[in-house]
Amino acid sequence: SVGLFTSFKKSRLEKKFKKNEWVIIQPIPFAQFEQLIVDHVDSGWEIEDDYERLAENTSKWQCELRKGTSILTCIWTANHQGIVYGPERVLTGLSEKLKVSTSKTITTPWF
């Protein structure tokens, strides 16, 4: 069952989605998740310097990709696979490419 803290965090994050016109894409299989980060960095998105190496068995991993005013939050958990959330206008194309639909709600909380 979803705990009180989890449901609080979920509703708080979904309010942020609404306010900022963000969407979430989940779940994303490992190879595609890793590739989308590489592709974004190759096309000019910046990633923090200190990000750890990502491996499929990593229990939890997170990074932010930034370009201009846009920020994509990328999360990997061994249990829930890849998750990306951020501006809808940015993620619509990615969602089509990955064949994973965008959502305004969090189907599987990872926190």
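All of these numbers come straight from a predicted model, not from anything done at the bench.
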A.B. asks: Name the residue from Leu98, Ile83, Ile25, Ile28 that meets the side-chain contact (heavy atoms from CB on, under 4.5 Å) definition with Phe33.
C.D. replies: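 Per the side-chain contact (heavy atoms from CB on, under 4.5 Å) rule, the option paired with Phe33 is Ile28, out of Leu98, Ile83, Ile25, Ile28.
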
A.B. asks: According to side-chain hydrogen bond (donor to acceptor under 3.5 Å, both in side chains), does anything in residues 19-33 pair up with another residue at least two apart or in another chain? List the pairs.
C.D. replies: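 side-chain hydrogen bond (donor to acceptor under 3.5 Å, both in side chains) check on residues 19-33 returns Gln26-Thr107.
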
A.B. asks: Applying side-chain contact (heavy atoms from CB on, under 4.5 Å), can you list everything that pairs with Phe111, at least two apart in sequence or on another chain?
C.D. replies: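 For Phe111, the residues satisfying side-chain contact (heavy atoms from CB on, under 4.5 Å) (neighbours in sequence not counted) are Thr6, Lys9, Lys10, Leu13, Ile106, Pro109.
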
A.B. asks: Ignoring hydrogens, what is the shortest heavy-atom contact between Val23 and Leu91? Give both atom names and the distance.
C.D. replies: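 Looking at all heavy atoms of both residues, the closest pair is O-CD1, 3.4 Å.
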
A.B. asks: Any link between Ile37 and Val100 through a network of hydrophobic side chains (Ile, Leu, Val, Met, Phe, Trp, Tyr) touching at under 4.5 Å?
C.D. replies: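 Yes; Val100 is reachable from Ile37 via cluster members.
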
A.B. asks: Grab the two heavy atoms, one from Ile75 and one from Trp110, that are nearest each other, plus how far apart they are.
C.D. replies: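 Distance-wise, the nearest heavy atoms are CD1-NE1, 3.3 Å.
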
A.B. asks: Parallel, tilted or perpendicular: which fits the ring planes of His40 and Trp45, with parallel below 30° and perpendicular above 60°?
C.D. replies: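 Ring orientation, 0 to 90° scale: perpendicular.
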
A.B. asks: Got more than 12 heavy atoms from elsewhere within 6.0 Å of NZ, Lys16?
C.D. replies: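 No, because the 6.0 Å sphere around NZ of Lys16 holds 12 heavy atoms or fewer from other groups.
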
A.B. asks: So how far is it from Cys63 SG to Leu54 CG, rounded to the nearest 0.5 Å?
C.D. replies: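 It is 8.5 Å, given to the nearest 0.5 Å.
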
A.B. asks: Using the test side-chain contact (heavy atoms from CB on, under 4.5 Å), find all partners of Ala78 that sit at least two apart in sequence or belong to another chain.
C.D. replies: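 Scan of Ala78 (side-chain contact (heavy atoms from CB on, under 4.5 Å), adjacent residues dropped) gives none.
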
A.B. asks: Look at the side-chain heavy atoms of Ile, Leu, Val, Met, Phe, Trp and Tyr, link any pair under 4.5 Å apart, and say whether Trp61 and Val41 land in one connected group.
C.D. replies: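 Yes, Trp61 connects to Val41 through the hydrophobic network.
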
A.B. asks: Just wondering, are more than 12 heavy atoms of other shown residues or ligands nearer than 6.0 Å to NZ in Lys104?
C.D. replies: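 Not buried by this count: 12 neighbours or fewer within 6.0 Å.
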
A.B. asks: Applying side-chain contact (heavy atoms from CB on, under 4.5 Å), name anything that partners Thr92, two or more places apart in sequence or on another chain.
C.D. replies: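 Per chain and number, Thr92 pairs via side-chain contact (heavy atoms from CB on, under 4.5 Å) with Glu88, Glu96.
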
A.B. asks: Once rounded to the nearest 0.5 Å, what's the spacing between atom CD of Glu46 and atom CD1 of Ile71?
C.D. replies: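 Taking CD in Glu46 and CD1 in Ile71, the distance rounds to 11.0 Å.
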
A.B. asks: I need the full list of side-chain hydrogen bond (donor to acceptor under 3.5 Å, both in side chains) pairs touching residues 69-83, with sequence neighbours left out, sorted by first then second residue.
C.D. replies: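 For residues 69-83, and leaving out neighbouring residues, the side-chain hydrogen bond (donor to acceptor under 3.5 Å, both in side chains) pairs sorted by first residue read Ser70-Arg89.
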
A.B. asks: Could you grab the distance from atom CZ of Phe30 to atom OG1 of Thr58, nearest 0.5 Å is fine?
C.D. replies: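 Answer rounded to 0.5 Å: 6.5 Å.
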
A.B. asks: State which residues pass side-chain contact (heavy atoms from CB on, under 4.5 Å) with Lys97; sequence neighbours excluded, sorted by chain then number.
C.D. replies: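 Partners of Lys97 under the side-chain contact (heavy atoms from CB on, under 4.5 Å) test: Asp39.
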
